[in-house]
Amino acid sequence: MDLLLRDTLSGRARPVRHRRGRPVGIYVCGPTVYDGAHVGHARTYLFFDLVRRHLEAERIPVHHVMNVTNFEDKIDTRAAELGVTWRTLALREEAGFLRDLHALRILSPHVRPRASAFVPQMTEVVRRLARTGRVHRQGDEWMYTPPARPREVNFATASELASHAVHEPGHPFPLGEGAAGEFMVWKRQDPPRPSWPGPWGRGTPGWHLECYAMANQLLGLPVDVHGGGTDLIFPHHFAENEVALALRHRPFARIFVHPGLVLWEGSKMSKSKGNLVRLRAALQEAGPDALRWYLLGRPLIDRFHWTSEGAHRSASEWRRIQRTLQHWLRAGEGGRVGAVRAREVAEEVRRDLAADLATDRVFDHLRAWVTAIEGDPSGHVPFGERGRAAAALRDVEWRTGLRILT
RNA sequence: GCCAAGGUGGCAGAAUGGUUAAUGCGGCGGCCUGCAGAGCCGCUUCCUGGGGGUUCGAUUCCCUCCCUUGGCUCCA
């Protein structure tokens, strides 16, 4: 069954397909490691976790890459505060971040390249961009200014540009020279800050080049599925896509996906604002399954308003679902709800996940199933059906990442 | 300001050009209860942001206004 995902760039639902002879290439923008993960990160990576689970359940090979940005200004700042090197801090935070994602049972990407290992490739990208004649110096920074492009080729940049745009079919989207579409490709910088030799002396390559260099080398462009939180659309995914268009004359990705951000107390959770719920704390309080049940309970594309009350409710609902299903699986006499129903539910789950990962509907099916079991005086799967029922449940478990049986 | 997504019962959140607008949570009332779990039943009767328009008929389509939230080079 094809997995349909809504592509953010075109706004259309598109089937995830792999190129001939290759696995599906998924490239996910990973974290900048200077602090722990919060539940917003968790929800974003849950999205890609479900993409992968679905494809693998359908026996479609997947190659899943998530980068780790391990050099960046904020890491330097934090490292200086702590009196350690940026490499030390980044290694430590990366380990903690990945441990938390793992605790949520998010499948580990097949490859987790660190940005610092791709500096030569990034520097080569800088050189090739410079050859286009579109790079200009601005103090200690070198900026790349993208050319005008038809509107449907890349994400809209900032407001001013969009507001002046004349949306005539087939006409280029006016992207002014030196305007908001430009982005930094190289910055002069010296130790102890991260720095390497480059086209204009020692310095550090721009962040946006990182994902291009890695995706190009590890997966080949365009990658089949690419994304991250909606806050990355501009400038990050815009810039990556510009690089791909400039150097390879093809888009960065065939499908861009952007799960909705998690908000808390009315605004976006972010490290810089400090208004966040840490993943580790949430895991300790609720456990991985209840947390999944909460975070996946609404369409992943929509914004998610985190409340502690909502988290508690979800946790108690999850307990009920798990308890009832575990009890049901102990075979008994006269059970009305049997393996056939389990198989139906598993098939509904499969179908709803294939339709743009409609986890909210998936959960509705599970709730209805549990309610049916609870309304059954026996409350057990009939004798002789346990094996088939358990198999159906295991399929649901695999696809959703929820652990029901144990 | 511009771009985008939304505004449905106490809350969350579906659905549909047409009988009493799903479901879950919560609340209220009642029943049952002791080798899974407290569960089960009933009630919560006039909820679709405002205003226009299209239509025999709109929550559903169109226009407009209002409001909320996010983005607009730190961001998952």
Side-chain angles (χ1 to χ4, degrees), chain A residues 6 8 11 28-35 37-48 66-67 69 72-75 77 97 101 106 141 143-144 151 155-165 167 179-184 206-208 227-239 257-263 266-273 276 279 294-295 297-305 307 309-310 312-314 316-317 319-330 332 358 360-361 363-368 370-371 373-380:
Chain A
R6 203 184 109 236
T8 316
V28 183
C29 281
T32 300
V33 284
Y34 67 100
D35 202 354
H38 55 69
V39 293
H41 293 114
R43 195 156 181 272
T44 295
Y45 298 124
L46 274 175
F47 180 96
F48 294 98
M66 181 181 84
N67 68 301
T69 301
E72 206 262 346
D73 290 354
K74 281 198 294 289
I75 299 175
T77 307
F97 202 100
L101 293 189
I106 288 174
E141 299 185 344
M143 311 296 288
Y144 174 79
R151 189 159 196 275
F155 298 102
T157 61
S159 53
E160 280 75 11
L161 292 168
S163 68
H164 297 310
H167 300 159
E182 67 177 28
F183 52 88
M184 194 259 282
W207 171 49
H208 305 307
T230 54
D231 52 351
L232 292 186
I233 292 175
F234 188 85
H236 188 51
H237 292 165
F238 166 83
V257 280
H258 294 96
L261 298 179
V262 175
L263 311 175
S267 75
K268 184 186 134 189
M269 251 182 217
S270 70
K271 294 172 190 171
S272 54
K273 280 185 189 164
L276 42 80
L279 177 53
Y294 184 41
L295 289 173
R298 252 153 277 155
L300 282 161
I301 290 302
D302 294 349
R303 271 191 295 272
F304 185 94
H305 292 264
T307 63
E309 192 194 354
H312 284 127
R313 282 185 185 176
S314 285
S316 69
E317 186 178 34
R319 277 195 298 276
R320 171 192 154 214
I321 283 168
Q322 191 179 39
R323 201 171 51 215
T324 300
L325 289 176
Q326 282 178 1
H327 176 71
W328 176 72
L329 214 56
R330 288 175 220 153
D360 52 323
R361 289 163 193 259
F363 288 7
D364 279 345
H365 292 309
L366 295 178
R367 282 191 194 99
V370 162
T371 301
I373 291 170
E374 286 171 346
D376 178 1
S378 159
H380 292 289

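Letters A, B, ... mirror the listed sequences (proteins, then strands); counts begin at 1. The analysis underlying the following values was restricted to heavy atoms, covering all of them including side chains, and did not include hydrogens, waters or symmetry mates.
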According to the Watson-Crick and G-U wobble definitions, with both distances under 3.5 Å, which nucleotide is paired to [N]?
{"N": "B:G34", "result": "none"}
{"N": "B:A4", "result": "B:U69"}
{"N": "B:A76", "result": "none"}
{"N": "B:G24", "result": "B:C11"}
{"N": "B:G29", "result": "B:C41"}

From [options], nucleotide with atom closest to [X] side chain:
{"X": "A:Pro299", "options": "B:A76, B:A14, B:G24", "result": "B:A14"}
{"X": "A:Leu263", "options": "B:U69, B:A36, B:U73", "result": "B:U69"}
{"X": "A:Arg361", "options": "B:A12, B:A76, B:A14", "result": "B:A14"}
{"X": "A:Leu232", "options": "B:A14, B:A76, B:A36", "result": "B:A76"}

For the [atom1] atoms, the ones on [N] and on [M], what distance do you get once it is rounded to whole angstrom?
{"N": "B:U60", "M": "B:G52", "atom1": "P", "answer": "13 Å"}
{"N": "B:G6", "M": "B:A14", "atom1": "P", "answer": "10 Å"}
{"N": "B:C72", "M": "B:C56", "atom1": "P", "answer": "48 Å"}
{"N": "B:U33", "M": "B:C28", "atom1": "P", "answer": "23 Å"}
{"N": "B:A58", "M": "B:U73", "atom1": "P", "answer": "45 Å"}
{"N": "B:G17", "M": "B:G57", "atom1": "C1'", "answer": "8 Å"}
{"N": "B:U44", "M": "B:G24", "atom1": "C1'", "answer": "15 Å"}
{"N": "B:G37", "M": "B:G70", "atom1": "P", "answer": "44 Å"}

Query raised in the report: Quick one: are the ring centres of A:Phe304 and A:Tyr294 less than 6.0 Å apart?
Result: yes
Query - Toward the 5' end of RNA chain B, by each residue's nearest nucleotide, A:Gly379 or A:Asp360 - result: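 Result of the comparison: A:Asp360.
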Requested in this report: Tell me which of A:Arg6 and A:Trp207 sits closer to the 5' end of RNA chain B, going by the nucleotide each one is nearest to.
Outcome: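 Residue closer to the 5' terminus by nearest nucleotide: A:Arg6.
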Can you label the angle between the [X] ring and the [Y] ring as parallel, tilted or perpendicular, going by 30° and 60°?
{"X": "A:Tyr45", "Y": "A:His41", "result": "parallel"}
{"X": "A:His237", "Y": "A:His258", "result": "tilted"}
{"X": "A:His236", "Y": "A:Trp207", "result": "parallel"}

What is the distance, to the nearest angstrom, from the [atom1] atom on [X] to the [atom2] atom on [N]?
{"X": "A:Phe238", "N": "B:C3", "atom1": "CZ", "atom2": "C1'", "result": "14 Å"}
{"X": "A:Leu261", "N": "B:G6", "atom1": "CG", "atom2": "C1'", "result": "15 Å"}
{"X": "A:Tyr294", "N": "B:G13", "atom1": "OH", "atom2": "C1'", "result": "13 Å"}
{"X": "A:Phe234", "N": "B:C3", "atom1": "CZ", "atom2": "P", "result": "15 Å"}
{"X": "A:His237", "N": "B:U73", "atom1": "NE2", "atom2": "C1'", "result": "14 Å"}
{"X": "A:Leu329", "N": "B:G37", "atom1": "CG", "atom2": "P", "result": "17 Å"}
{"X": "A:His258", "N": "B:G71", "atom1": "NE2", "atom2": "C1'", "result": "12 Å"}
{"X": "A:Ile233", "N": "B:U73", "atom1": "CD1", "atom2": "P", "result": "14 Å"}

Using a cut-off of 4.0 Å on non-hydrogen atoms, how would the nucleic acid contact of [X] be classed: base, sugar-phosphate, or nothing?
{"X": "A:Phe363", "answer": "nothing"}
{"X": "A:Gly228", "answer": "sugar-phosphate"}
{"X": "A:Gln326", "answer": "nothing"}
{"X": "A:Gly297", "answer": "nothing"}

Query - Side-chain donor/acceptor of A:Asn67 to backbone N/O of A:Gly30, under 3.5 Å - result: yes
Report task. Compare the ring of A:His41 with the six-membered ring in the base of B:A76 and state whether they stack (centres under 5.5 Å, planes under 30°). Result ->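 It does not: the two rings, one from A:His41 and one from B:A76, miss the stacking criterion.
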Below 4.0 angstrom from OP1 or OP2 of [N], is there any side-chain N or O of [X]?
{"X": "A:Arg298", "N": "B:G13", "result": "yes"}
{"X": "A:Arg320", "N": "B:C25", "result": "yes"}
{"X": "A:Arg319", "N": "B:A36", "result": "no"}

Query - Worked check of salt bridge (Lys or Arg N to Asp or Glu O under 4.0 Å) between A:Arg367 and A:Asp364 - result: CA-CA 5 Å; A:Arg367 282 191 194 99; A:Asp364 279 345; 2.8 Å; yes
**Report entry** Heavy-atom pair of closest approach, residues A:Gly40 and A:Val262
**Finding:**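 Here A:Gly40 and A:Val262 meet closest at CA-CG2, 3.6 Å.
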Report summary line: Separation between CG (A:Leu325) and CZ (A:Arg330), nearest 0.5 Å, reads 11.5 Å
